[in-house]
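Working notes, structure below.
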Amino acid sequence: MPSLPRAFYLRPARAVARDLLGCILVSRHGGALAAGRIVETEAYLGPEDGASHAAFRPGSHRLFYGPGGIAYVFLNYGTHHCLNAIAGPPGTPGCVLIRALEPVTGQAVMARRRGVTAAARRLASGPGNLTRALAVTLRDNGADLTRGPLVIEPASGPGRPRIARGPRIGITRSTDRPLRFWIADSPFVSR
DNA sequence: TAGCTGATTGACT
DNA sequence: GTCAATCAGCTAA
């Protein structure tokens with residue numbers, strides 16, 4: 001299965017966030033294969049978007065303004081990593097936060113990394129859980145998502161999923177913008 | 001150098 | 001529903 005082409009990411013973050021739903025995120029970290037279907041995303045824009053790290057995390061500017069298809073990983077609240085895909089052509093800031101996954105392959109590995117025997121539906125439901133299940137760390141910051149140990153593959157299966165849209169959650173600014181997308185009938189979205 | 005903030009989670013009342 | 005854990009990178013001094 002080929003990964004999504006660079007061109008996929010060279011579009012507005014809003015469009016990338018929506019089209020990423022249903023795609024498969026694949027991690028080969030540690031020699032183990034772990035993959036899941038993306039069921040929840042959020043779009044973050046440039047400085048005009050008050051919630052975007054492009055506006056108040058200058059250390060990340062280089063990535064935000066670079067070409068799409070690059071991973072942006074950061075640590076927040078000291079304990080949790082968050083995985084983003086940079087979107088838009090060079091010079092255009094924007095990224096997509098991947099919030100939740102439906103485990104497809106390697107559930108045993110994910111469960112072991114999570115330290116739980118829990119049901120699959122909780123393995124990657126939430127940005128922090130997702131990165132832990134796939135062993136994504138700050139080392140992946142700046143990694144190429146079109147080739148490497150961490151890639152995203154096109155959606156498989158019949159038709160397009162039913163997509164819901166609403167305000168983003170867990171943030172303290174610009175909470176009124178409808179930039180959060182998720183698969184409407186999926187039980188794997190975060191709370 | 002000290003202090004602050006945050007796109008979260010899980011445990012507890 | 002509330003609340004602490006915990007750290008990278010910025011800001012102020």
Side-chain angles (χ1 to χ4, degrees), chain A residues 9 12-18 20-21 23 25 27 34 36 38-66 68-88 92-103 110-143 145 150 152 164-183 186-191:
Chain A
Y9 300 98
R14 210 185 279 88
V16 175
R18 191 188 57 232
L20 228 34
L21 292 177
C23 294
L25 177 62
S27 162
I38 297 171
V39 296
E40 188 178 358
T41 62
E42 281 179 14
Y44 288 85
L45 314 178
E48 77 280 8
D49 176 4
S52 171
H53 283 189
F56 65 98
R57 289 193 73 147
S60 311
H61 271 179
R62 289 174 61 126
L63 287 176
F64 269 88
Y65 288 85
I70 302 297
Y72 164 48
V73 182
F74 69 95
L75 180 67
N76 80 324
Y77 295 102
T79 49
H80 303 288
H81 297 282
C82 291
L83 173 63
N84 304 256
I86 300 297
T92 306
C95 76
V96 177
L97 169 68
I98 300 175
R99 292 189 57 88
L101 242 52
E102 172 187 341
M110 297 189 204
R112 181 156 46 80
R113 290 204 272 241
R114 291 289 322 283
V116 295
T117 58
R121 61 187 305 155
R122 291 246 171 141
L123 285 180
S125 63
N129 292 335
L130 178 157
T131 51
R132 222 181 336 164
L134 296 189
V136 172
T137 67
L138 293 176
R139 292 197 332 268
D140 296 296
N141 194 33
L145 289 175
L150 192 65
I152 301 178
R165 178 162 63 137
R168 294 174 296 188
I169 56 179
I171 57 176
T172 57
R173 311 179 213 202
S174 304
T175 53
D176 52 335
R177 291 182 176 224
L179 293 175
R180 172 171 174 250
F181 302 88
W182 68 97
I183 295 182
S186 173
F188 297 94
V189 300
S190 60
R191 50 184 192 196

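Chain identifiers are assigned alphabetically (A, B, ...) following the order of the sequence lines, protein sequences preceding nucleic acid strands; residue numbering begins at 1 within each chain.
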For a 4.5 angstrom cut-off between non-hydrogen side-chain atoms, does [X] reach [Y]?
X: A:Val189; Y: A:Ile183; answer: no
X: A:Arg99; Y: A:Trp182; answer: no
X: A:Asp176; Y: A:Pro167; answer: no
X: A:Asn84; Y: A:Ile98; answer: no
X: A:Phe188; Y: A:Ser125; answer: no
X: A:Leu123; Y: A:Asn129; answer: no
X: A:Leu45; Y: A:Leu179; answer: yes
X: A:Asp49; Y: A:Arg168; answer: yes

Rounded off to whole Å, could you give me the [atom1]-to-[atom2] distance for the [X] and [N] pair?
X: A:Leu130; N: B:dA7; atom1: CG; atom2: P; result: 17 Å
X: A:Tyr72; N: B:dG6; atom1: OH; atom2: P; result: 14 Å
X: A:Ile86; N: B:dA7; atom1: CD1; atom2: C1'; result: 13 Å
X: A:Glu40; N: B:dT8; atom1: CD; atom2: P; result: 10 Å
X: A:Ile169; N: B:dG6; atom1: CD1; atom2: P; result: 17 Å
X: A:Leu45; N: B:dA7; atom1: CG; atom2: P; result: 15 Å

May I have the step-by-step check of side-chain contact (heavy atoms from CB on, under 4.5 Å) for A:Leu83 and A:Leu25, ending in yes or no? CA-CA 11 Å; A:Leu83 173 63; A:Leu25 177 62; 3.7 Å; yes
Would you say [X] reaches [N]'s phosphate, i.e. side-chain N/O to OP1/OP2 under 4.0 Å?
X: A:Arg168; N: B:dT8; answer: no
X: A:Ser52; N: B:dA7; answer: no
X: A:Arg99; N: B:dT8; answer: yes
X: A:Arg173; N: B:dT5; answer: no

Table of protein N/O atoms under 3.5 Å from nucleotides 5-8 of chain C N/O atoms:
unit_1, atom_1, unit_2, atom_2, d
C:dT6, O2, A:Tyr77, O, 2.3

Dump every N/O contact between nucleotides 2-4 of chain C and the protein below 3.5 Å, one line per pair.
none

Give me the distance, rounded to whole Å, that separates [N] from [M] when you measure between the [atom1] atoms they each carry.
N: C:dT6; M: B:dC12; atom1: P; answer: 15 Å
N: B:dT5; M: C:dA13; atom1: P; answer: 14 Å
N: B:dG10; M: C:dA8; atom1: C1'; answer: 22 Å

Stacking between A:Phe74 and the base of B:dA7 (centre distance under 5.5 Å, interplanar angle under 30°)?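 According to the criterion (under 5.5 Å, under 30°), no, A:Phe74 does not stack.
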[X] side-chain N/O to [Y] backbone N/O, donor-acceptor pair under 3.5 Å:
X: A:Glu40; Y: A:Ser190; value: yes
X: A:Asp140; Y: A:Thr137; value: yes
X: A:Thr131; Y: A:Val136; value: no

Under 4.0 Å between any heavy atoms, over every strand shown, what does [X] touch: base, sugar-phosphate, or nothing? Just pick one.
X: A:Asn84; result: base
X: A:Ser190; result: nothing
X: A:Arg180; result: nothing

CZ (A:Arg14) with more than 12 external heavy atoms under 6.0 Å: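 Incorrect, the count does not exceed 12.
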DNA chain B: 5'-proximal contact among A:Arg114 and A:Thr172 (nearest heavy atom):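 Its nearest nucleotide being more 5', the pick is A:Thr172.
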Closest-nucleotide mapping onto DNA chain B: is A:Ile171 or A:Asn129 further toward the 5' terminus? I mean the 5' end.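 Closest to the 5' end, via its nearest nucleotide, is A:Ile171.
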Starting from Watson-Crick (N1-N3 plus N6-O4 or O6-N4) and G-U wobble pairs under 3.5 Å, report the runs of at least three that DNA chain B belongs to.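 Stems found: B:1-6 with C:7-12, B:8-12 with C:1-5.
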